[in-house]
Amino acid sequence: MDNPTVAQSGLWLLILLPLAGALVNGLVGRKLGKANVALIAIGAMVAAFLSALVVYVQVLAGRNVASGGSENWFHVLGPDGRAMVSIAWGLWVDRLSGTLLLVVTGVGLLIHVYSTSYMSHEDDAGYARFFTYLNLFVAAMLTLVLGDSLVLTFVGWEGVGLCSYLLIGFWYTDEQKAFCGRKAFVTNRIGDFGFLIGVFTILSIFGTANYGQLAAAVKGHGVDTLLTAGAFAGWTLGRALTLATLGLFVGCCGKSAQLPLYVWLPDAMAGPTPVSALIHAATMVTAGVYLVARTSFLFALAPATMATVCLVGALTAVFAAAIAFFQNDIKKVLAYSTVSQLGFMFIGVGAGVYFAGVMHLVTHAFFKACLFLGAGSVMHGMHEDTDIRNMGGLKDKMPHTRMTFLIATMAITGIVPLSGFFSKDAILAGALNSENAAFPAVGKIAYVLGTIAAAGTAFYMMRCYFLTFSGKPRTKVAEHAHESSPAMTGVLWILAVLSVVALLLGLPRFEIFGRWGEVFGDYMHPVFAQALGILHGEGGEAAEHVALWPFAVAWGVALASGALAWAMYVGNLREVPGKLARAFPGFYRFGVDKFRVDELYDLFVVKFVKNGAWVLWKVVDRIVIEGIFVNGIPRVLAGLGRFFRLGQNGDLQRYAAVIAVAAAVVLWVVLGTGAR
Amino acid sequence: MNNLLSIIVFLPLFGALGLAFFPAAEVKQHRVLALLVSLVTFLLSLGLWVGFDASPGAAEFQFEIVAPWVPSLGIGYHVGLDGVALLLTLLTTALTPLVVLSTFQAVQDRVKEFMIAVLVLETAMLGSFAALDLVLFYVFWETMLIPMYLLIGIWGSENRLYATVKFFVYTFVASVLMLVAILYVRAHDGGSFDYLAARNALQASGSAQRWLFLAFAVAFAVKVPMFPLHTWLPDAHTEAPTAGSVILAGVLLKMGTFGFFRYALPLFPEAALHYRPIIATLAVVGIVYGALMCIVQKDMKRLVAYSSVSHLGFVMLGLMALTAEGLTGGVYQMLNHGVSTGGLFLLVGMLYERRHTRLISEYGGIAKQVPWLATAFLVVTLSSIGLPGTNGFVGEFLILSGTWLGKLHRAPWYAAVGATGVILGAVYMLWMVEKVFFGRIVSAANRHLPDLSAREVVVIAPLIVLIVVMGLAPQPFLDPARPAVDRLLARFQTAEQQLQNVQPGRPPSTGTETPGLAAALTAPGLEGTVR
């Protein structure tokens with residue numbers, strides 16, 4: 001299959017196959033019956049996954065694959081024949097997008113299979129609708145990943161947002177769930193506003209939004225290159241790119257749920273659990289990380305943005321981990337954990353260790369999908385109860401779910417030798433050693449915050465595991481919990497194995513190359529070579545620190561706080577959590593209420609806009625424009641008319657009186673002046 | 001071939017005359033005949049699309065006919081189409097059959113008169129786009145008012161008289177200003193009402209130009225409608241029958257933006273440059289203000305009406321950018337708004353036919369009862385909020401990028417503030433979708449709503465197809481506009497050069513900026529890639 005043209009034609013198939021599946025299921029799915037719907041949806045995914053493999057053979061062989069790029073989507077030629085806005089249908093696979101391609105189609109396929117069983121309680125129409133959205137999501141996500149320009153990525157970006165909206169509100173008859181979907185979409189739109197500003201800025205700097213052309217255009221330019229024309233004439237390239245990349249990063253904050261736009265992701269758990277696994281953990285929410293990695297050569301020229309990315313990631317990692325401590329809903333714990341882990345990825349790409357950020361993206365996709373699907377399996381066993389306080393002792397009732405959940409928990413906790421250890425600690429060690437030109441301390445700060453967050457992760461994940469699976473059943477439902485079907489547990493096992501096997505990506509390889517490098521880092525090097533060249537000087541690498549102590553610290557931290565969680569929820573310190581909650585009731589409430597950020601936004605943003613709009617409507621529209629001008633002027637004219645009509649009502653006596661009075665006045669004036 | 005345009009313009013009028021001979025009691029005949037006439041008009045207009053030559057060397061106005069009408073006064077029957085008028089003509093002829101079909105159930109009262117009004121209105125609209133003589137244009141322009149006035153006043157809802165008087169007075173007062181300006185133009189261009197003569201030979205001082213521009217601009221701004229002249233629109237839309245709303249939103253509002261493109265801007269470019277910052281600011285205010293108004297509306301039609309204020313603000317912003325991207329995007333957004341807002345009014349009308357209320361709070365949770373209607377509504381909504389893959393995105397992206405890349409002073413700020421409309425659009429449209437279709441069913445009346453009938457599918461499906469086609473393959477709709485856009489830009493460049501002769505050192509303010517990084521122009525793409 002080493003044929004480039006086959007791979008090229010396969011590229012569009014990748015998107016069109018799931019799209020076709022969505023179309024068929026969307027139009028006639030409800031009449032086909034569940035088995036056929038599943039067959040179509042999964043068939044499309046299998047075909048897409050196979051095409052992805054064909055394409056990936058090329059990528060492994062060191063070739064990038066492009067398709068299209070000459071077919072215009074839309075362009076406007078100016079009078080001089082030059083197009084500033086020229087958007088082509090072009091797809092592009094290199095090692096970065098190829099890796100994501102495999103993750104999206106692979107994990108996507110697994111979750112499709114899982115869903116056939118998980119969603120089997122839906123009626124025919126609901127079942128068809130679910131798989132329609134799911135296939136549509138994969139098509140959009142692949143557009144996001146494969147698009148060869150910022151605009152095509154934006155198409156996928158908004159497309160996945162739409163699918164997320166539809167799937168969060170999948171059970172739309174529940175008002176709360178419909179609201180959560182809308183909240184996700186609107187919050188994402190705030191991010192998309194930033195994305196658009198970023199794209200426009202890039203257009204006015206470069207006149208193109210195509211990744212390849214952008215990379216070629218910045219080559220040989222430094223932060224201090226002066227721009228000669230456009231809205232930013234006189235700015236340095238670095239300053240203009242800071243604006244552009246900050247705009248893009250606002251988009252990332254929306255899509256990847258970072259501070260301050262993370263609020264939609266926990267609510268996104270209203271959707272069916274496979275959706276949470278696929279969209280709100282494994283793929284869509286990592287789009288922001290992908291975007292930063294994809295445009296790394298632009299971010300590298302904007303050190304202030306890099307510092308912002310790093311710091312926002314670190315703060316989000318700690319903040320979300322802190323909230324996760326207090327959550328009792330198994331999906332909410334996992335949701336905040338996702339927010340926190342995404343923060344880690346942003347530390348990585350913000351500190352310039354791009355490969356580590358992407359590696360964590362991949363490993364996280366495996367273990368977090370496994371965790372979410374495990375949670376879904378638990379919910380099935382528990383009759384849709386999600387409160388971990390009502391569980392306990394499920395290890396005997398659901399052995400497969402328990403084992404896979406445990407493996408994934410250990411992976412996310414960062415216990416050697418599972419994959420999470422390598423990816424997370426590559427990020428932290430990289431951040432510690434990074435040097436940001438704008439804010440030199442940011443790497444160190446991110447390392448400290450990240451380590452705290454890692455300790456938190458180990459604690460709350462272990463807490464979640466122990467409360468769910470250890471001890472004795474705490475409710476009747478938990479006593480009668482049952483294991484899920486093989487379609488579900490089989491998928492769980494594959495993902496659990498993947499979260500172990502992914503450690504291969506993180507293995508150090510210095511004995512082969514004679515220098516500090518890592519399998520995945522080396523593999524990804526061509527993608528990030530330009531950005532690394534900008535950061536560390538042409539042809540340069542990050543200063544080589546072969547210090548092992550950060551790894552030892554990370555391992556120790558994970559083990560210690562994991563052990564603490566064991567002690568507090570299974571071992572001898574079991575009274576401590578309750579005592580702590582009673583000792584600080586206010587703080588505990590505050591934590592359970594997710595630090596009341598939603599309420600804060602509601603008060604200062606939502607209510608502000610709503611009430612402001614209402615006041616504008618009443619004052620400007622109703623009173624000023626309508627009242628004073630539109631109806632006021634006619635009313636004044638009508639009033640004048642009514643006044644003058646008083647003198648013309650045909651009443652002779654009144655006429656006579658008016659004449660008499662008027663004559664008297666005239667006489668008085670004339671005689672008065674004459675007398676003077 | 002040359003007569004085709006005139007045939008298309010007057011065919012609906014002849015259809016209306018024909019309807020007059022059928023007995024009023026034969027409701028069905030009127031419906032079918034009106035549908036047939038509008039369909040034939042549409043099919044013929046496709047001939048215009050095929051026959052139109054959009055290559056740079058082609059004639060500016062095609063399908064042109066010049067015939068004397070009142071020679072002593074310099075009034076002629078002069079019609080012809082440029083690319084922009086062609087696209088709007090197609091929009092009109094495409095929407096009218098759908099509108100006629102949508103009334104088969106909704107209008108039971110005075111069907112004959114209704115159909116006659118719709119057909120007369122179509123001729124007036126088509127004539128306004130085709131006219132190349134100022135008086136002819138004015139005649140068609142004012143003729144539009146009468147059937148629209150009747151549509152709202154006779155077939156409208158409770159408060160229709162107030163709305164219709166307001167609509168009429170607003171637009172009529174503004175049009176009279178335009179008439180005065182037209183008379184002034186004739187006196188100063190050598191005694192002809194011909195558009196081309198006026199454009200080429202108009203001799204007016206700078207201040208006279210500004211007054212003339214204002215007279216035209218106010219007439220058009222009312223029609224658009226631009227903030228703060230917009231308050232007639234929510235009332236008119238709310239009270240109008242569905243068909244009236246669709247035509248009003250779909251075509252009539254474009255008369256305003258088309259007027260700017262065809263008359264106000266090219267006739268008085270220097271004055272337009274003078275007032276441009278104000279108009280662009282009002283456009284941006286309209287985008288945000290209209291969207292904010294939507295957030296607090298309780299009535300579906302009123303909400304969609306205010307959303308029109310916001311969307312037409314985008315169109316005006318694109319026109320005021322005076323870049324190829326902005327102008328083309330503005331033209332494209334005119335079509336988009338016709339398709340998506342027209343579609344929204346049709347769908348709201350379908351809901352109204354089922355429940356006889358427009359209040360959002362009366363609905364809720366009906367997606368389960370009417371899944372296809374809900375799906376159609378959602379697709380049209382997504383088009384309206386500019387989701388990529390739908391037509392709305394192409395228009396908004398071109399407008400905003402065209403504004404950002406323009407040479408207008410502080411251009412990026414206009415684009416950035418305008419882009420907040422992207423957020424607000426999602427806020428109010430999805431709020432309406434949620435409140436109408438999602439949640440639990442509260443009102444018992446909503447429990448047994450029928451889904452789309454076959455006729456309704458035929459009405460809405462073409463628009464949904466258009467939304468997707470125009471979103472994925474917009475070029476066939478963008479290309480015809482190019483010669484007209486280029487000519488307008490060239491006019492402005494000439495005007496700027498003249499201004500620079502008077503005020504040396506005046507920075508250019510039209511056209512697109514070049515990329516800031518000089519090397520970017522020649523950069524190759526995607527090195528080391530298999531193609």
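Note that the coordinates shown come from a computational prediction; the quantities given were computed from them, not determined experimentally. A note on names: the letters A, B, ... follow the listed sequences, proteins ahead of strands, and every chain is numbered from 1.
Separating the CG atom in Leu517(B) from the CD1 atom in Ile202(A) is a distance of 12.0 Å, to the nearest 0.5 Å. Rounded to the nearest 0.5 angstrom, His230(B) NE2 and Tyr170(B) OH are separated by 7.5 Å. The structure places CH2 of Trp92(A) at 11.5 Å from OG of Ser149(A), a figure rounded to the nearest 0.5 Å. Leu203(A) CG to Leu150(A) CG: the interatomic distance, rounded to the nearest 0.5 Å, is 8.5 Å. Atom CD of Gln530(A) is separated from atom CG of Leu214(A) by 10.0 Å, given to the nearest 0.5 angstrom. Atom OG1 of Thr132(A) and atom CG of Leu27(A) lie 8.5 Å apart (nearest 0.5 Å).
Residue with the most contacts toward chain B among Leu237(A), Thr201(A), Val93(A): Thr201(A) (heavy-atom pairs, distance under 4.5 Å). Put simply, of His75(A), Lys610(A), Arg622(A), the one with the most heavy-atom pairs under 4.5 Å next to chain B is His75(A). Here Leu398(B) is the residue among Leu378(B), Ile295(B), Leu398(B) with the most heavy-atom pairs under 4.5 Å with chain A. For the set Leu478(B), Thr420(B), Val485(B), the entry with the most heavy-atom pairs within less than 4.5 Å of chain A is Thr420(B). Per-residue counts of heavy-atom pairs under 4.5 Å with chain B were compared for Val630(A), Val199(A), Asp621(A); the largest is that of Asp621(A). For chain B, the option among Asp174(A), Leu616(A), Val624(A), Asp94(A) with the highest count of heavy-atom pairs below 4.5 Å is Leu616(A). Ranked by heavy-atom pairs under 4.5 Å with chain A, the list Leu472(B), Asp479(B), Thr323(B) is led by Leu472(B). When each of Gln297(B), Lys435(B), Gln493(B) is scored by its heavy-atom pairs under 4.5 Å with chain A, the top score falls to Gln297(B). Looking only at heavy-atom pairs under 4.5 Å with chain B, the residue among Phe154(A), Tyr165(A), Trp614(A) that has the most is Tyr165(A). Contacts with chain A were tallied for Ala473(B), Ala419(B), Pro234(B); Ala419(B) has the most, counting heavy-atom pairs under 4.5 Å. Comparing Val427(B), Leu400(B), Leu424(B), Leu229(B) by how many heavy-atom pairs each has under 4.5 Å with chain A, the most go to Leu400(B).
Both the backbone and the side chain of Arg440(B) have a heavy atom closer than 4.5 Å to some heavy atom of chain A. At a 4.5 Å heavy-atom cutoff, the contact between Leu166(A) and chain B is made by side-chain atoms alone. Contacts between Phe232(A) and chain B at a heavy-atom distance below 4.5 Å involve the side chain alone, from C-beta outward. Heavy atoms of Tyr289(B) lying under 4.5 Å from chain A belong exclusively to its side chain. Within the 4.5 angstrom heavy-atom criterion, only side-chain atoms of Ile625(A), from C-beta onward, approach chain B. For Ala231(A), the parts lying near chain B are the backbone and the side chain together; criterion is any non-hydrogen pair under 4.5 Å. Proximity to chain B is limited to the side chain of Thr225(A), based on heavy atoms less than 4.5 angstrom apart. Within the 4.5 angstrom heavy-atom criterion, no atom of Thr375(B) approaches chain A. Neither the backbone nor the side chain of Ile441(B) comes within contact range of chain A; no heavy atom of the residue lies under 4.5 Å from a heavy atom of that chain. Looking at Leu430(B), both its backbone and its side chain come within 4.5 Å of chain A, counting heavy atoms on both sides. Within the 4.5 angstrom heavy-atom criterion, no atom of Leu327(B) approaches chain A. The contact between Pro371(B) and chain A is made entirely by side chain atoms (from C-beta outward), counting heavy-atom distances below 4.5 Å. With a 4.5 Å cut-off on non-hydrogen atoms, Ser401(B) touches chain A through its backbone and its side chain both. Neither the backbone nor the side chain of Val169(B) comes within contact range of chain A; no heavy atoms are under 4.5 Å apart.
In this model, no donor atom of one side chain and acceptor atom of the other lie less than 3.5 Å apart for Trp232(B) and Thr171(B). Side-chain N/O atoms of Thr512(B) and Glu325(B) include a donor and acceptor closer than 3.5 Å.
Residues that satisfy the salt bridge (charged side-chain N to carboxylate O under 4.0 Å, His left out) test with Arg30(A), not counting sequence neighbours, are absent from this structure.
The environment of CH2 in Trp372(B) is crowded: more than 12 heavy-atom neighbours from other residues, nucleotides or ligands sit within 6.0 Å. Within a 6.0 Å sphere centred on OH of Tyr162(B), heavy atoms belonging to other residues, nucleotides or ligands number more than 12.
Panel note: side chain Arg129(A), backbone Gly29(A); no donor-acceptor pair is recorded below 3.5 Å. In this structure, Ser310(B) contributes its side chain and Tyr306(B) its backbone to no donor-acceptor pair below 3.5 Å.
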Give the table of side-chain donor-acceptor pairs shorter than 3.5 Å for residues 390-397 of chain B, with sequence neighbours excluded, one pair per line with atom names and distance.
residue, atom, partner, partner atom, Å
Thr390(B), OG1, Leu387(B), O, 2.6
Asn391(B), OD1, Ser383(B), OG, 2.7
Asn391(B), ND2, Asn336(B), OD1, 3.3

Under 3.5 Å, which donor-acceptor pairs do the side chains of residues 177-196 of chain A form with other protein atoms, sequence neighbours left out?
residue, atom, partner, partner atom, Å
Arg182(A), NE, Glu434(B), OE1, 2.4
Arg182(A), NH2, Glu434(B), OE1, 3.4
Lys183(A), NZ, Asp267(A), OD2, 2.6
Lys183(A), NZ, Asp598(A), OD1, 3.0
Thr187(A), OG1, Lys183(A), O, 2.5
Asn188(A), OD1, Lys255(A), N, 3.3
Asn188(A), ND2, Ala184(A), O, 3.0
Arg189(A), NE, Glu158(A), OE2, 3.1
Arg189(A), NH1, Ile385(B), O, 2.9
Arg189(A), NH1, Val422(B), O, 3.0
Arg189(A), NH2, Glu158(A), OE1, 2.7
Arg189(A), NH2, Ile385(B), O, 3.1
Asp192(A), OD1, Trp157(A), NE1, 2.8

Chi angles and distances behind the side-chain contact (heavy atoms from CB on, under 4.5 Å) call for Phe377(B), Val370(B): CA-CA 10 Å; Phe377(B) 202 98; Val370(B) 289; over 6 Å; no
Intermediate values then yes/no, side-chain contact (heavy atoms from CB on, under 4.5 Å), Val85(A) and Phe74(A): CA-CA 8 Å; Val85(A) 177; Phe74(A) 60 94; 4.1 Å; yes
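Applying a 4.5 Å heavy-atom cutoff, the residues of residues 406-418 of chain B that approach chain A are Pro412(B), Ala416(B).
Across all non-hydrogen atoms, the minimal contact from Asn72(A) to Ser86(A) is OD1-OG, 3.6 Å.
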